Amino acid sequence: MEEIFAKFVSQKISKTRWRPVPFGSLQPPETFATGSWDNEENSVSLWCIGDFCNLSTDGGLEGDHQLLCDIKHHGDVIDLQFLDQERIVAASSTGCVTVFLHHPNNQTLSVSQEWIGAHYHIGPCSPSYRSAPCTGIVCNSPEIVTVGEDGRINLFRVGYKEAVRTIDNADSSTLHAVAFLQTPGILTVNSIGQLKIWDFRQQGNEPSQILSLTGDRVPLHCVDRHPNQQHVVATGGQDGMLSIWDVRQGSMPVSLLKAHEAEMWEVHFHTSNPDHLFTCSEDGSLWQWDASTDVPEKSSLFHQGGRNSTLLAHPSSNQLNVNHSLISSWLSTDPAKDRIEITSLLPNRTLSVNSLDVLGSCLLCGTDAEAIYVTRQLF
Amino acid sequence: MEELDGDPTLTFIPGVNSKKRQMCFDWGPGEMLVCETLFKKKEKEEKVPGCPLIYIVRKDIDVYSRILRKLFNESHGIFVGLQKIEEESTGKSRKAQLVRVSKNYRSVIRACMEEMHQVAIAAQDPICGRQYSSQVSILSAMELIWNLCEILFIEVAPAGPLLLHLLDWVRLHVCEMDGLSADVLGSENPNKHENFWNLPGNTQTLTELELKWQHWHEECERHLQDGTFASNPHLESLCKVCRVEIMLGDDNALLEQKELLSNWYHFLVTRLLYSHPTVKPIELHFYAQSSLDLFLGGDSSPEPLDNILMAAFEFDIHQVIKECSIALSNWWFVAHLTDLLDHCKLLHSHNLYFGSNMREFLLLEYASGLFAHHSLWQLGVDYFDHCPELGRVYLELHIERIPLNTEQKALKVLRICERRQMTEQVRSICKILAMKAVCNNRLGSALSWSIRAKDAAFATLVSDRFLKDYCERGSFSDLDLIDNLGPAMMLSDRLTFLGKYREFHRLYGEKRFADAASLLLSLMTSQIAPRSFWMTLLTDALPLLEQKQVIFAAEQTYELMQCLEDLTVGRPEPRKLGGQRSQEDDVETTKVEMLRLALARNLARAIVKEGTLEGS
């Protein structure tokens, strides 16, 4: 991995996302969006990098990213996703979900739609409603699914004022993140170490499946699904542990990998190269995990022993080996055979890396030290 | 107490009529709250509506500047890196490292200055533009001072190289001189002057320097005689200056060219170059003082910047820091510079009034200022970490006061506390969050927070809530939580009870009656169940007692009866109040009677069953 460029941007970055490239395009991504947090006035900003930046800069460094436009955002930006090429959805700490529209002709952002009060608390102590932060968003145009600290799941459709579907009290704790699982299914993770699968086709307010951590029910903060093998799911926990699950069977993780020293904020499978996984954490590091089996020498980092010495190899995964030829390298759990190589990508320890995104060979991350790091030469 | 070095600045609070009203105020960590008041109410005073606003007065506005934030963030990284520099490396390698750190700090200041300059030029509003420009000049002054300190205190250049460093210093900072060089470079003999100004670095020895100087003198002489510069008066006068100065060693000649020199330190360095190129560090302050006096010539008094530079030339580090503290509005500069100088082992452990040394005092002040900012508090944490005496206490006090409006922020604060084993703060923050969660009916979150803080008392509270809900509604809410407590169940007895009770219901639902029965009994006999709940448990036992098959063995039935008696023995007899018995008491008595009956019948059946031979 070659050069990584850092730039200080005077705001703590909570989320960074590459703008998706048009389908079939071979160009690397050139634009990304960031959301800030903990400012008196937060903003959602759009940046460009590389040759796309026609803005003149006095001796701008190669690889330097430039601000294209930004817009004020009410409350902390807790999650950010691109709905499509022009629209960005932001989740706010005020419980609001906003869709921003980018106008490329005059390089501005404007609010296209807003769902205020998407997440709120009603409790015995609060007579009127009190807003709750919206913690996670996932989009599949034109649908947007949001989850929040109120344990609620909302399904919105762009252009419709009311939520298409709402599951109240889906969880008794905070839902931290959501991901799609073979739509119309979604996955959520919560503060008590559970992974829940929901099917919107079903009428009830109950999840269709609940999987949970063994041992300490450490809160899970992020979730991502393998791009090709829909049953393989990775989650990151508050103790920095990476868990790999097989949602087709069992109710426990297939493997637990001791990783970071503090909360793991995001986990991403690489979309075109899914043997690679990326995680970033409160401990100020960003790791690349390489589980491809063709590299000869690697080190094994399986979680060994400890009080929770139970789940390393799920017994039924051996059957998996027999029945299917294409096995995900993530599910095979033989410590002797399968090794995972881990690389730390940031040059030096910094404050928390809150977010990362990877598309093609381009990696992007934002930190609490108010810096954005970009590299376009990952592999 | 130190004497006041100047008059305090006056700040007018808009909207408050200071002639008719008074103001009251209160200090915060970095700011002041001010509002209008009237201490003595005079009855004759007409009721004029006063100013209804409360004002926040901040001294340190730099912290809110968007461009300066980059300075704070980048320098934080350099600071943390500096603290980690190996102690064992001594001598040249350590010095080289420290010089590198100093240059890093300076480049950060320069980068900020550049950006601020761009913004100043592009500013639409002239007032804004002026503000930015003044900020640029402050940053420029800071870099000037830092650079000089680097040369004199960190680089510690000996005679010879010292002058070269000073030349670089002046050249870098004096725009007019750059302008002059550009002028000069466009002339007939640019080489001469390039050679003059672009002297190579420390590699030169004294003799080489003297030789060059001699050569230069001869060249000047020759050019003047040839009249080479007759066409360019600037160059001619410069040449004359050189020759005259060299020949007469006269400062006055140089002074006549005052308009070519922008300030006294430019004058100083130029003068040293011509007459005392091999000046030693300890001699510097003589020349500095005289340069200052000659240049100002009694017209004006020295400015704060001049005093600071003079103190540096006198190698009085403490004076430099003191003057900078007074002149600058923000602790950033003095804190970082002092810390760096302390790493060079240049500061005597100079105890201040309350026991910590100067470096620590400045770092504490700076970091406290950061904590007053809504966002930069995260940087302050690392600064407190590196203050051995009082850093931890300061951190403990500050971190509890950070407002926590989202869980994510709370998690970051908790992580900071846990890393430093600040268990008290962890507990108090988790308690606040757990209480909020209970109020919002997020019992799962509340439990999650109590688990993190290992707070058994709160876990008991949450369990009681669940049990209360169960009693009211007859069913459990949040089964996903209670069914999945895991090892957290051991955190508090009540929580264990809750988990086990739910398990009882599950077993009953699965028709595993024997297991359910023994579980139920164990809940009571092991004293895990709270007394208040025993009636409910016994009532739950009723359907098991009424089943066709005998579930409770005789021994178990005896134990149940014992529990019932324990429960009822303390109860007073329901009294007839004016001939009316309360309904509740009625229900209670009926329940107890039913239980006694059921227990007795079960006992009978159990004895019979156990008495008969098996299989017959």
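Chain letters run A, B, ... following the sequence lines, proteins first and then strands; every chain starts at 1. On a predicted model such as this, the values are computed, not experimentally measured, just so you know.
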Student: For chain B, which of A:Pro133, A:Pro207, A:Ala262 has the most heavy-atom pairs under 4.5 Å?
Tutor: A:Ala262
Student: I'd like to know which of B:Leu379, B:Leu411, B:Asn405 tops the heavy-atom pair count under 4.5 Å against chain A.
Tutor: B:Leu411
Student: Among side-chain atoms of A:His119 and A:Thr146, is any donor-acceptor pair under 3.5 angstrom?
Tutor: yes
Student: Taking every non-hydrogen pair under 4.5 Å, which of A:Gln11, A:His176, A:Gln194 racks up the most with chain B?
Tutor: A:Gln194
Student: Please check if the number of heavy atoms outside B:Tyr132 that lie under 6.0 Å from its OH is greater than 12.
Tutor: no
Student: Under a 4.5 Å heavy-atom cut-off, does chain A meet the side chain of B:Leu443, its backbone, both or neither?
Tutor: backbone
Student: Quick check for you: among A:Asn190, A:Val218, A:Ile192, which has the greatest number of heavy-atom pairs under 4.5 Å with chain B?
Tutor: A:Ile192
Student: If I measure from the heavy atoms of chain A, does B:Trp449 come under 4.5 Å with its side chain, its backbone, both, or neither?
Tutor: neither
Student: Evaluate the criterion side chain to side chain contact (heavy atoms under 4.5 Å, CB included) for residue pair A:Ser355 and A:Trp265; output intermediate values, then yes/no.
Tutor: CA-CA 7 Å; A:Ser355 173; A:Trp265 293 124; over 6 Å; no
Student: Given a strict heavy-atom distance threshold of 4.5 Å, which part of A:Asp76 is in contact with chain B: side chain, backbone, both, or neither?
Tutor: side chain
Student: With a 4.5 Å cut-off on heavy-atom pairs, point out which of B:Arg419, B:Glu74, B:Gln408, B:Glu114 contacts chain A the most.
Tutor: B:Glu74
Student: Starting at NZ of B:Lys409, measure out to OG of A:Ser93 and round the result to the nearest 0.5 Å.
Tutor: 10.0 Å
Student: Salt bridge between B:Glu407 and B:Arg452, side-chain N to carboxylate O under 4.0 Å?
Tutor: no
Student: So that I can tick it off, tell me whether A:Glu282 and B:Lys412 are bridged by a salt bridge, with the cut-off set at under 4.0 angstrom between side-chain N and carboxylate O.
Tutor: yes
Student: Measuring heavy-atom distances to chain A, does B:Leu447 have an atom under 4.5 Å in its side chain, in its backbone, in both, or in neither?
Tutor: neither
Student: Considering only heavy atoms, which portion of A:Thr174 lies under 4.5 Å from any heavy atom of chain B: side chain, backbone, both, or neither?
Tutor: both
Student: Between B:Ser492 and B:Thr460, do the side chains contain an N or O donor and an N or O acceptor separated by less than 3.5 Å?
Tutor: yes
Student: Flag the one option from A:Ser14, A:Ala371, A:Ala369 with the top tally of heavy-atom pairs under 4.5 Å to chain B.
Tutor: A:Ala369
Student: To the nearest 0.5 angstrom, please state how far the CD1 atom of A:Ile153 sits from the CD1 atom of A:Ile167.
Tutor: 4.5 Å
Student: Could you check which of A:Ile210, A:Asn348, A:Asp150 has the highest count of heavy-atom pairs closer than 4.5 Å to chain B?
Tutor: A:Asp150
Student: Do A:His73 and A:Thr98 meet the criterion of a side-chain donor-acceptor pair at a distance under 3.5 Å?
Tutor: no
Student: Considering only heavy atoms, which portion of A:Glu206 lies under 4.5 Å from any heavy atom of chain B: side chain, backbone, both, or neither?
Tutor: neither
Student: Check A:Lys12 with A:Asp368, please: is the shortest side-chain N to carboxylate O separation under 4.0 Å?
Tutor: no
Student: Measure distances from B:His76 to the heavy atoms of chain A and classify the residue's part below 4.5 Å as side chain, backbone, both or neither.
Tutor: side chain
Student: Which answer fits B:Arg415, side chain, backbone, both or neither, if we ask what part of it has an atom under 4.5 Å from a heavy atom of chain A?
Tutor: side chain
